[in-house]
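Here's the structure, in structure tokens; my notes come after.
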Number of protein chains: 2
Amino acid sequence: MAEGAGGQSLLFLTDEQLRKGIEAMFFAYRGFTADPDRILAEKSYGRAHHRAIHFIHRSPGTTVNNLLATLGVTKQSLNRVLRSLIEDGLVESRVGRSDKRERNLYLTTTGQELERELSDAQRERMRAAYRTAGPEAVAGFRQVLEAMMDEDMRRQYERLTEGGRK
Amino acid sequence: MAEGAGGQSLLFLTDEQLRKGIEAMFFAYRGFTADPDRILAEKSYGRAHHRAIHFIHRSPGTTVNNLLATLGVTKQSLNRVLRSLIEDGLVESRVGRSDKRERNLYLTTTGQELERELSDAQRERMRAAYRTAGPEAVAGFRQVLEAMMDEDMRRQYERLTEGGRK
DNA sequence: CTTGGAATGTCAACAAGGCTGACATATTCT
DNA sequence: AGAATATGTCAGCCTTGTTGACATTCCAAG
């Protein structure tokens, strides 16, 4: 039953299986953001701030335009978040060296501290999930997620993970 | 190097691996919601409407309180969304049979059509990802997602997937 | 029967964080 | 010199989350 031409079972492609995957994504993403959200709420920041901090940490010196592309929001939206982070002394914006129109973004010491706190919390949940599921499951997890991305996002993602710091 | 007491490699639990998983979740979730978002934008609905429609479809006759617990929002927030769906004739709200304080929620024919359109789009991307990654990867994907949920969410999730329609 | 509590709905106000459009400024490229 | 680029900013709008207050309706305990 439901055997493909190559004799391989395609039961994992039924609507029922796909629906389970969809609902798993929904609930898991809530868990994924829950811990940072709690920390951020105390400091009256939101997810938008977290995302900005995360990617500035990942690519220190990145420009505003780069960040816009990674986050997929408008400059007005990002600017609001960025302005508050700069005012609060978590992010530093330096005029570009070669091209003075650009602003290079860096985390300050305070910014790095918050980044640490947030990513520790998020990593801790991830680590627990990984440990529970085991290495083979983790490999599959990443494969499916990568296949689920849009082309542009996959490029962003690969640029980050391959070219990332060692 | 990095071998546990049982001789099993723990390299998949390094901060680097965890960070990749975190970023994969971020980008994949964008892809996950992209197709429904496009359809919803045309009809001037948002993700909140999609979520309500999805879970009413999954559990026809569910009460408002049930839906609140599943979605994790306040009744006021849900009520706004629900009201517009009822006004537009996508959702029907019937007074409860045994307990008349409760409202039982159902999709109308029109509501079912939109649900179909949305879930077709979302399933299509899921199917493509599943097919690319293969059945073993899918099993791992689900395992990690389930391990990532909060207790309450996992209960919600299991109640849905186990007790769900056949 | 009355009263307390539960479930629901509604109104108002507010905030975060998306969006668009328009415009200013500085800088670089042609 | 003029066009294009990168950024910032102002104003206004939308969705979707929040809290607080209050009305209604119904069930169940006293």
Side-chain angles (χ1 to χ4, degrees), chain A residues 26 29-30 33-34 36-56 61-88 91-106, chain B residues 26 29-30 33-34 36-56 61-88 91-106:
Chain A
F26 172 72
Y29 198 78
R30 285 246 300 273
T33 56
D37 280 357
R38 261 189 295 276
I39 296 170
L40 290 157
E42 288 168 16
K43 314 205 185 313
S44 38
Y45 287 131
R47 259 181 228 178
H49 299 85
H50 184 189
R51 293 194 286 261
I53 287 173
H54 177 95
F55 286 108
I56 293 173
T62 187
T63 65
V64 173
N65 249 351
N66 270 338
L67 208 48
L68 289 183
T70 304
L71 298 176
V73 298
T74 60
K75 65 172 178 174
Q76 293 92 328
S77 197
L78 175 60
N79 192 254
R80 182 169 31 197
V81 167
L82 226 39
R83 202 188 320 164
S84 76
L85 290 175
I86 292 170
E87 277 170 7
D88 297 353
V91 167
E92 194 191 342
S93 163
R94 293 184 213 151
V95 172
R97 217 166 38 101
S98 57
D99 186 338
K100 290 175 191 164
R101 291 170 304 180
E102 296 181 344
R103 298 298 130 86
N104 297 118
L105 303 169
Y106 301 87
Chain B
F26 173 71
Y29 199 78
R30 285 246 299 272
T33 55
D37 280 357
R38 260 190 296 276
I39 296 171
L40 290 157
E42 289 170 16
K43 312 206 187 315
S44 38
Y45 286 132
R47 258 181 230 178
H49 299 85
H50 183 189
R51 293 195 285 263
I53 288 173
H54 177 96
F55 286 109
I56 293 173
T62 187
T63 65
V64 173
N65 246 355
N66 271 338
L67 209 47
L68 290 183
T70 306
L71 297 176
V73 297
T74 59
K75 63 176 177 173
Q76 292 91 331
S77 193
L78 175 59
N79 192 255
R80 182 172 31 200
V81 167
L82 228 37
R83 202 189 322 161
S84 75
L85 290 175
I86 292 170
E87 276 170 9
D88 296 352
V91 167
E92 196 192 342
S93 164
R94 295 185 212 149
V95 172
R97 215 164 42 99
S98 56
D99 186 339
K100 291 175 192 164
R101 289 168 303 182
E102 295 181 345
R103 300 290 180 272
N104 297 116
L105 304 169
Y106 302 88

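A note on names: the letters A, B, ... follow the listed sequences, proteins ahead of strands, and every chain is numbered from 1.
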Pick the closest DNA chain C nucleotide for A/Gly72 and for A/Arg101 by heavy atoms, then say which residue is nearer the 5' end.
A/Gly72
Between which nucleotides of DNA chain C, 5' to 3', does chain A make heavy-atom contacts below 4.0 Å?
C/dG17 to C/dT28
Distance, rounded to the nearest Å, where A/Glu87 contributes CD and D/dG8 contributes P
13 Å
Specify the residue among A/Ser98 and A/Leu78 whose closest nucleotide of DNA chain C lies further upstream toward the 5′ end.
A/Leu78
Separation between OG1 of A/Thr63 and CG of A/Leu68, rounded to the nearest 0.5 Å:
8.0 Å
By the 4.0 Å heavy-atom rule, please label B/Ser84 as base, sugar-phosphate, or nothing.
nothing
Starting at OG of A/Ser93, measure out to CG of A/Asn104 and round the result to the nearest 0.5 Å.
8.0 Å
How long is the gap from NE2 on B/His50 to OG1 on B/Thr33, to the nearest 0.5 Å?
10.0 Å
Look at the side chain of B/Gln76 against the base of D/dG20 and say whether a donor-acceptor pair falls under 3.5 Å; ignore hydrogens and angles.
yes
Does the side chain of A/Asn79 get closer than 4.0 angstrom to OP1 or OP2 of D/dT7 through an N or O atom?
no
Should the pair A/Arg94 and A/Tyr106 be classed as cation-pi, given the thresholds of under 6.0 Å to the six-membered ring centre and 45° from the axis?
yes
Side-chain (B/Arg103) to main-chain (B/Arg101) donor-acceptor, under 3.5 angstrom:
yes
Is there a donor-acceptor pair under 3.5 Å between the side chain of B/Arg30 and the backbone N or O of A/Leu71?
yes
With rounding to the nearest 0.5 Å, note down the distance linking CD1 in A/Ile86 to CZ in A/Arg83.
9.5 Å
Considering only heavy atoms, which members of residues 40-51 of chain A lie under 4.0 Å from some atom of DNA chain D?
none
How many whole angstroms separate atom NZ of A/Lys100 from atom C1' of D/dG8?
19 Å
Within the pair A/Arg83 and D/dT9, is there a side-chain N or O less than 4.0 Å away from OP1 or OP2?
yes
Mind checking if B/Arg80 touches a base, just sugar-phosphate, or nothing, with heavy atoms under 4.0 Å?
base
Rounded to the nearest angstrom, tell me the gap between atom CG in A/Leu82 and atom P in D/dA6.
17 Å
Can you confirm whether B/Tyr45 sits close enough to B/Leu85 that some side-chain heavy atom of one is under 4.5 Å from a side-chain heavy atom of the other?
yes
Separation of atom CD1 in A/Ile86 from atom C1' in D/dT7, rounded to whole Å
11 Å
Test item: B/Leu82 and B/Ile56 side chains (from C-beta on) under 4.5 Å apart, heavy atoms:
yes
